[in-house]
Amino acid sequence: MYLPMDRTVTAKIRLYVEHALGEGQLVPVSRPQAHYLFGVMRLSVGAQVLLFDGQSGEWLAEVAEAGKRGGTLQVLSQTRPLQMPPDLWLMFAPIKKARTDFIVEKAVEMGAARIVPVQTAYTNAGRVQRDRLQAHAVEAAEQCGGTFVPEVAEMVRLDRLLADWDTTRQVMFCDEAQVALKPTLPAKFAPWAILIGPEGGFSPDERERLQRAGHTHPVSLGPRILRADTAAVAALTLWQTALGDWT
Ligand code: SAH
């Protein structure tokens with residue numbers, strides 16, 4: 001549909017570029033990308049790659065110039081339109097570095113639109129490196145065939161986030177203390193956010209505040225206590241199955 005009939009796609013590499021894409025566009029290759037494309041993957045002039053810019057879908061391009069420190073790609077034609085994930089945020093309390101990276105990667109694969117690290121009362125991870133997490137999100141989108149890259153927000157305190165909350169956005173509050181609760185979500189067309197707590201769980205104050213809010217829906221993820229990274233994937237699965245783009 002998007003490809004001329006006489007063109008076979010041999011591209012195996014998908015790259016996110018911060019450059020508007022369109023037919024005939026010339027896209028400069030950054031130094032790290034040149035290292036990857038021409039150094040590691042050994043692509044030469046004429047080789048094909050797939051590109052996406054997070055806004056205009058996926059495009060087939062070919063290498064026009066290849067150098068050690070840079071190069072140029074020429075966009076040929078569109079291969080897929082932009083596919084936005086549902087308006088779902090994943091909010092989580094950061095844990096250890098590798099597990100936090102895992103959460104970001106899985107959130108992109110599972111179709112979250114925005115990723116928000118939150119500092120809760122019992123969060124013991126210090127600062128998060130937003131740029132590093134954003135780079136993980138880009139890599140995950142490249143790998144999973146996504147045409148959109150979710151933004152990783154700056155870490156924000158949970159109490160501040162809740163104080164400024166737009167109440168049209170529903171919150172799926174994953175509460176390890178509600179093991180008897182059936183995971184039911186109102187089948188309501190609305191923006192949503194999933195909230196996952198830290199290893200230490202939620203404080204009594206936080207739990208009370210979350211339970212009081214009309215736009216918050218406490219949900220159990222089963223009778224076992226899951227690690228936060230497992231809980232994030234389970235919650236995304238549950239939400240996507242009930243209200244998301246899996247159905
Ligand atoms: N220290 C806590 C567990 C925290 S688990 C305790 O022992 O009680 C980290 C987070 O994962 C929780 O805050 C919650 O958001 C989510 N989570 C883990 N297991 C869950 C479950 N069975 N139901 C709902 N949420 C769960």
Side-chain angles (χ1 to χ4, degrees), residues 85-128 133 136-137 140 150 152-165 167 169-188 190-244 246:
D87 189 354
L88 172 67
W89 296 1
L90 176 69
M91 312 194 295
F92 71 101
I95 37 177
K96 285 189 199 93
K97 203 168 152 193
R99 289 184 185 272
T100 299
D101 293 351
F102 176 93
I103 292 178
V104 169
E105 184 182 292
K106 298 309 151 200
V108 176
E109 290 176 28
M110 301 291 285
R114 189 155 183 264
I115 299 168
V116 187
V118 290
Q119 171 122 41
T120 65
Y122 300 159
T123 303
N124 45 23
R127 284 174 46 78
V128 292
L133 293 181
H136 272 287
V152 180
E154 289 291 352
M155 175 129 103
V156 53
R157 280 177 50 167
L158 181 62
D159 52 357
R160 296 223 181 104
L161 189 68
L162 296 178
D164 297 338
W165 195 257
T167 55
R169 185 175 293 278
Q170 307 296 300
V171 178
M172 173 174 162
F173 165 37
C174 297
D175 186 0
E176 70 279 5
Q178 310 244 6
V179 288
L181 202 75
K182 265 203 139 127
T184 47
L185 295 171
K188 185 158 152 181
W192 275 85
I194 290 172
L195 176 61
I196 305 286
E199 279 165 17
F202 291 99
S203 74
D205 268 9
E206 288 170 338
R207 184 165 281 121
E208 203 213 298
R209 187 167 181 187
L210 284 160
Q211 279 168 351
R212 248 189 299 126
H215 52 274
T216 297
H217 310 272
V219 159
S220 160
L221 299 173
R224 289 159 294 271
I225 303 289
L226 310 176
R227 281 183 181 269
D229 46 351
T230 318
V233 178
L236 284 158
T237 308
L238 194 64
W239 190 91
Q240 282 284 29
T241 315
L243 303 175
W246 290 15

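Ligands are counted one by one from 1 in listed order, and the atoms in each one are counted from 1 as well. Owing to the predicted nature of the structure, the values given are computational and were not obtained by experimental measurement.
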Is the shortest N/O to N/O distance between [X] and ligand 1 below 3.5 Å?
{"X": "Ile225", "value": "no"}
{"X": "Leu221", "value": "yes"}
{"X": "Glu176", "value": "yes"}

Ring pair (Phe, Tyr, Trp, His ring centres under 6.0 Å): pairs with one or both residues in residues 91-123, sequence neighbours excluded: none

Heavy-atom nearest neighbour of atom 1 (N) of ligand 1 within options Met172, Glu199, Met91: Glu199

Option with minimal heavy-atom separation from atom 4 (C) of ligand 1, where the choices are Ala93, Pro198, Ala234, Gly197: Pro198

Ligand 1 contact on Cys174 by region, counting heavy-atom pairs under 4.0 Å: both

Ligand 1 versus Thr230: contacting region, heavy-atom distance under 4.0 Å: neither

Using a 4.5 Å cut-off on heavy atoms from C-beta on, say whether the side chain of [Y] contacts that of [X].
{"X": "Gln119", "Y": "Leu158", "value": "no"}
{"X": "Ile115", "Y": "Leu133", "value": "no"}
{"X": "Arg207", "Y": "Asp175", "value": "yes"}
{"X": "Thr120", "Y": "Glu206", "value": "yes"}

Considering only heavy atoms of [X], which atoms of ligand 1 have at least one such atom less than 4.0 Å away?
{"X": "Val219", "result": "24 (C)"}
{"X": "Phe202", "result": "13 (O), 15 (O)"}
{"X": "Arg224", "result": "19 (N), 21 (C), 22 (N)"}
{"X": "Gly200", "result": "1 (N)"}

Arg169 side chain to Trp192 backbone, donor-acceptor under 3.5 Å: yes

Lys/Arg-Asp/Glu bridge criterion (N-O < 4.0 Å) met for Asp159, Arg157: yes

With sequence neighbours excluded, residues passing side chain to side chain contact (heavy atoms under 4.5 Å, CB included) with Thr241: Thr237, Trp246

